[in-house]
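Read the structure below first, then the notes.
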Amino acid sequence: MSYLTALESLKHNLLCPPFTIVNPLVQGFNFKTSSSSVKYFQRRPLFACQQNRRFSSRQHLQIIAERERDELAKKNGFDLTQFQLDKIRNFSIVAHIDHGKSTLADRLLEFTGTIQRGLNQPQYLDKLQVERQRGITVKAQTTSMIYKQSNQSHQNIDNQDNPAFLLNLIDTPGHVDFSYEVSRSLAACQGVLLVVDATQGIQAQTVANFYLASECNLAIIPVINKIDLPTADPDNVKEQLASIFDLDLSEAILTSAKTGEGLEKVLEAIVERIPPPCGKTDSPLRMLLFDSFFHEYKKVICYVAVVDGVLRKGDRIVSAATGKGYEVSDVGIMHPEFKPTACLLTGQVGYVVCGMYSTQEARVGDTLYKRQSTIEPLPGFQPAKHMVFSGLYPADGTGMSELEHAIEKLTCNDPSVCVEIESSAALGRGFRCGFLGLLHMDVFHQRLQQEYGVHVHNTIPTVPYMFEFEDGSKVEMHMCTDRYKDKKLKAIWEPMVIAKIILPSEYVGPVITLCFEREGEQLQFSFITSKQALLRYRLPLREIVVDFYDVLKTITSGYAIFMYEEAEHQLSDLIKLDAFLNNQKVDVLATIVHKSRAQTVGDSMLEMLKKYINRSQDNSIQILEAITGRVVSTQRVPAAPLERKGVKKQLRQIRSVNIPREAFLERMKLS
Ligand SMILES: Nc1nc2c(ncn2[C@@H]2O[C@H](COP(=O)(O)OP(=O)(O)OP(=O)(O)O)[C@@H](O)[C@H]2O)c(=O)[nH]1
C-alpha cells in the first residue's frame with residue numbers, strides 16, 4: 001500500500017475522535033516504538049496518533065482505533081429502529097454531466113446537518129482523487145441523512161410532532177460512460193431527483209436517466225437547478241419537461257445549489273412524493289448487494305439495500321450467487337462516513353462487512369439472505385455492455401501480480417469492467433479489459449495508478465468485432481489474436497449503433513456532413529417543432545467511441561442531444577492486416593482497419609518497424625491483407641552493425657527478429 005493510500009484510508013475510515021493526524025517529527029513527538037516502526041515514522045513522518053498513547057505498528061493503531069470507534073458508536077447509540085418503513089425514503093440524484101448533482105447533494109447534506117463545511121470546499125461526495133482532478137463524478141456515492149420537517153411544512157402531512165425521516169441519497173455520475181453506476185443505484189431507490197441545468201435545458205443523459213427511472217417505476221421529481229445564473233431560463237426548461245417527458249409543469253422545483261435556494265422544497269418533495277420502500281418486515285431477510293469496495297483491512301465492504309426482514313451484526317448470511325456463507329462482523333450506514341449500527345431494518349440502505357475477499361465473492365446484483373431460510377433471489381442487474389477493449393500490461397517496475405491485485409481490488413469498486421488474462425509475445429503477460437467507453441478506460445487507468453500505485457501500458461482500444469470463418473462459425477473478438485489460426489477467415493462484421501440526435505434546426509447541415517464523414521446511414525430526418533430537428537443514423541461504433549460526441553458538441557455549440565443504442569453487427573469493408581517478419585506472422589502487430597485506409601496504415605506501420613528493427617542480419621517485413629493474402633506493403637532491412645551497444649537487453653525476440661518494446665508502443669498509436 002502506498003503511503004498516500006494509507007493516509008487516505010486513515011482519513012476516511014479511521015480518524016474519528018479522539019484520533020488526529022500529526023507529524024511526529026515536526027511536532028517533536030517522542031514515539032517509544034519498536035525499531036522497525038521508528039524507521040517507518042522516519043520515512044513517513046505524517047501519521048495518526050492519540051496523545052499519551054503508543055502504537056507499536058500501523059496494525060496496532062488500526063485495531064485500537066476500530067475498537068474505540070465501535071465503543072463510541074455503542075455509547076452514542078445510533079438507533080435505526082425509530083425509522084420504520086414509512087419514515088424511510090431512498091432516492092438517487094440523476095442528471096446530465098455538470099448539471100449540478102454533486103453540488104446539490106452537498107447542500108442537502110449541509111441543510112440536514114449531516115456535514116458542516118465552509119465555502120469553496122471540494123465536493124464532499126466526489127471523494128476520489130480522479131473525481132476532484134477532473135471535476136466529474138465517476139462513482140456513485142451513498143449517504144444517509146436525517147431530516148426533521150419544520151412545523152410549518154409538516155402540518156400538511158400528519159399530526160405527529162416533527163417526525164424524523166431517514167433519507168438515503170445516492171449521488172450518481174452524469175457521463176454516459178458511467179451509466180452502469182446509475183442503473184445499479186436506481187435498484188436501491190424508490191425515486192429520483194432529475195436535475196436539469198436552467199441554462200442548458202434537457203440534454204442526452206437527462207433523457208436517458210428519465211427513461212431509466214421510468215422503466216424502474218420510480219417517482220421522478222424534476223429539479224431545475226442553477227436559477228441564480230443570469231442566463232437561466234427555467235420557463236423554457238419547464239416547457240421542455242412538459243413536451244419531451246409529459247411532466248406536469250407544477251411538479252418542477254426551482255433551485256440554486258450555489259445559494260441554497262429551494263432546498264427545503266426539495267426535501268419536502270422527497271418526503272411527500274417518493275413512496276417509502278415496500279418490503280415485508282416480518283419476512284426472512286433478503287438484501288440486494290448493489291455496490292462494493294475494497295478496504296485494506298476489512299477486505300470487501302458491501303453496500304446493500306435491505307428488501308425484506310432485518311439484518312443484525314453477528315448474523316450468518318449466504319450469497320445466492322455463490323452459495324457461500326459469511327458472518328456479519330460490522331453493519332451500519334454512511335452518515336456521512338461509516339457509522340456502525342446494531343442492525344439494518346427493512347427498506348434501509350447501508351454497508352455490511354462479512355469477510356468477503358474478492359469480486360468472485362462480492363457480486364453486484366447478488367441477493368444475500370439468512371442461512372436456513374428459503375427465499376426467492378432478487379432479479380439482479382443486466383450485465384454491463386462493453387463498448388471498447390484494451391490490453392493492460394505492467395510497466396515501469398510494476399509486477400504482474402501487483403497489477404493483478406490492483407485490478408482485482410479496483411473492479412470490486414467498478415464492476416462494469418470485465419477482465420481476462422492475455423499474453424503477447426511482445427509485451428509479455430497482461431490483461432484484456434472491456435470498458436463502457438474511452439473516458440471510462442482512461443479513468444480506470446488513472447485510478448489504478450492513483451489508488452494502487454501501479455503503472456500500466458495500454459494497447460490501442462478496439463471495439464468488439466465479429467469474425468466469420470469459412471466453416472460458417474462466428475466468434476466475437478476484441479483483439480487480433482491468433483487463437484483461431486487453424487480456421488480460415490471469411491469476413492469481419494462490426495458493431496453498429498442507432499444514433500438519435502435532437503438539435504436546433506440551424507445546425508442540421510453540419511451534423512449531416514459529420515454523420516456522412518463517419519460512414520453513417522440516414523434513417524430519419526424530421527422536425528419535432530419549427531426550431532428543433534430529429535436525426536436518426538446507423539453508424540459504426542468505432543466512429544462513435546473515439547470523438548464523435550466531442551465534435552458534435554463543437555459544431556452545434558453544445559446544443560445537440562445525442563443518444564445511441566446498440567444495433568446488429570454489420571458486414572463491413574474491414575480487413576485484418578497481418579505483419580510478417582522473415583515470412584513469419586507476428587500476431588501482436590496485427591490490426592483491423594477499413595479497406596480504404598489499409599494502404600496508409602500498412603505503409604506507416606512498415607516505416608515505423610523499419611526504424612526499430614534489429615539490423616544485425618537481413619530481415620524482410622511484409623504487411624499482408626489477412627483474407628486475400630494481398631501484399632499491402634513490403635520492405636527489406638539490410639544487415640548492418642548494431643548502432644547502439646547494450647540495446648539487445650531491451651529487445652523482444654520474435655521469430656528470430658529483435659524488436660524493441662517502444663516499437664510496439666508506437667504501433668499502438670497507429671491505425
Ligand atoms: N451558478 C451555479 N453553479 C452551480 C450550481 N450547481 C452547480 N454549479 C456548478 O456547476 C458545476 C458542475 O456541478 P457538479 O455538482 O459537479 O455537477 P454534476 O452534475 O455533479 O457533475 P457530474 O457528476 O460530473 O456529472 C460546478 O462548477 C458547480 O459549482 C448552481 O446552482 N448555480
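We use all heavy atoms of the structure for the numbers below, so side chains are in, but hydrogens, waters and symmetry mates are not. One-based numbering, in listed order, for ligands and for the atoms of each.
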*asked:* Out of all atoms in ligand 1, which are within 4.0 Å of some heavy atom of D228? Include the element for each.
replied: 1 (N), 2 (C), 30 (C), 31 (O), 32 (N)
*Closest approach of any protein heavy atom to atom 3 (N) of ligand 1, naming residue and atom*: K226 CD, 4.0 Å
*Can you tell me which residue and heavy atom of the protein come closest to atom 25 (O) of ligand 1, and the distance to 0.1 Å?*
K101 NZ, 2.8 Å
_Contacting atoms of ligand 1, where contact means under 4.0 angstrom from a heavy atom of A257_ = 6 (N), 30 (C), 31 (O)
*Which bit of S102 is near ligand 1, meaning a heavy atom under 4.0 Å away: side chain, backbone, both or neither?*
both
*Between L229 and ligand 1, which part of the residue brings a heavy atom under 4.0 Å of the ligand: side chain, backbone, both or neither?*
side chain
*Just by distance, with hydrogens left out, do Q446 and E451 show a side-chain donor and acceptor under 3.5 Å apart?*
no
_Considering both backbone and side-chain atoms of G100, is one of its nitrogen or oxygen atoms within less than 3.5 Å of a nitrogen or oxygen in ligand 1?_
yes
*I97: numbered ligand 1 atoms lying under 4.0 Å from its heavy atoms*: 24 (O), 25 (O)
_Nearest 0.5 angstrom please: N413 CG to E181 CD, how far?_
7.0 Å
*Of the options D171, D291, D414, which is the one that meets K139 in a salt bridge (Lys or Arg N to Asp or Glu O under 4.0 Å)?*
D291
*asked:* To the nearest 0.5 Å, what is the distance between CD on Q190 and CD1 on I270?
replied: 12.5 Å
_Using a 4.0 Å cutoff against the non-hydrogen atoms of N225, which atoms of ligand 1 qualify?_
5 (C), 6 (N), 31 (O)
*asked:* Is atom 27 (O) of ligand 1 touching the protein, meaning some protein heavy atom lies under 4.0 Å away?
replied: no
*Which residue holds the protein heavy atom closest to atom 29 (O) of ligand 1, what is that atom called, and what is the gap in Å?*
T103 OG1, 4.2 Å
*Just which atoms of ligand 1 are under 4.0 Å from any heavy atom in G174?*
25 (O)
*NE2/H457 to NE2/H445 distance, rounded to the nearest 0.5 angstrom?*
12.0 Å
_Taking distance alone, with N or O pairs closer than 3.5 Å, would you say D98 contacts ligand 1?_
yes
*Return the orientation label for the F290 and Y303 ring planes: parallel under 30°, perpendicular over 60°, tilted otherwise.*
tilted
*Can you list the ligand 1 atoms lying under 4.0 Å from a non-hydrogen atom of I136?*
24 (O)
_Distance-only side-chain donor-acceptor flag, S102 / T137, under 3.5 Å_ = yes
*If you measure from NZ on K87 to CZ on F165, what distance do you get to the nearest 0.5 Å?*
5.0 Å
*Is ligand 1 less than 4.0 angstrom away from at least one heavy atom of S256?*
yes
*Measure the distance from atom 23 (O) of ligand 1 to every protein heavy atom, then report the residue, atom name and distance (to 0.1 Å) of the closest one.*
T137 OG1, 2.5 Å
*asked:* Tell me whether K265 at atom NZ has more than 12 heavy atoms from other residues, nucleotides or ligands lying less than 6.0 Å away.
replied: no
*Should the pair H440 and F435 be assigned to parallel (<30°), tilted (30 to 60°) or perpendicular (>60°) ring geometry?*
perpendicular
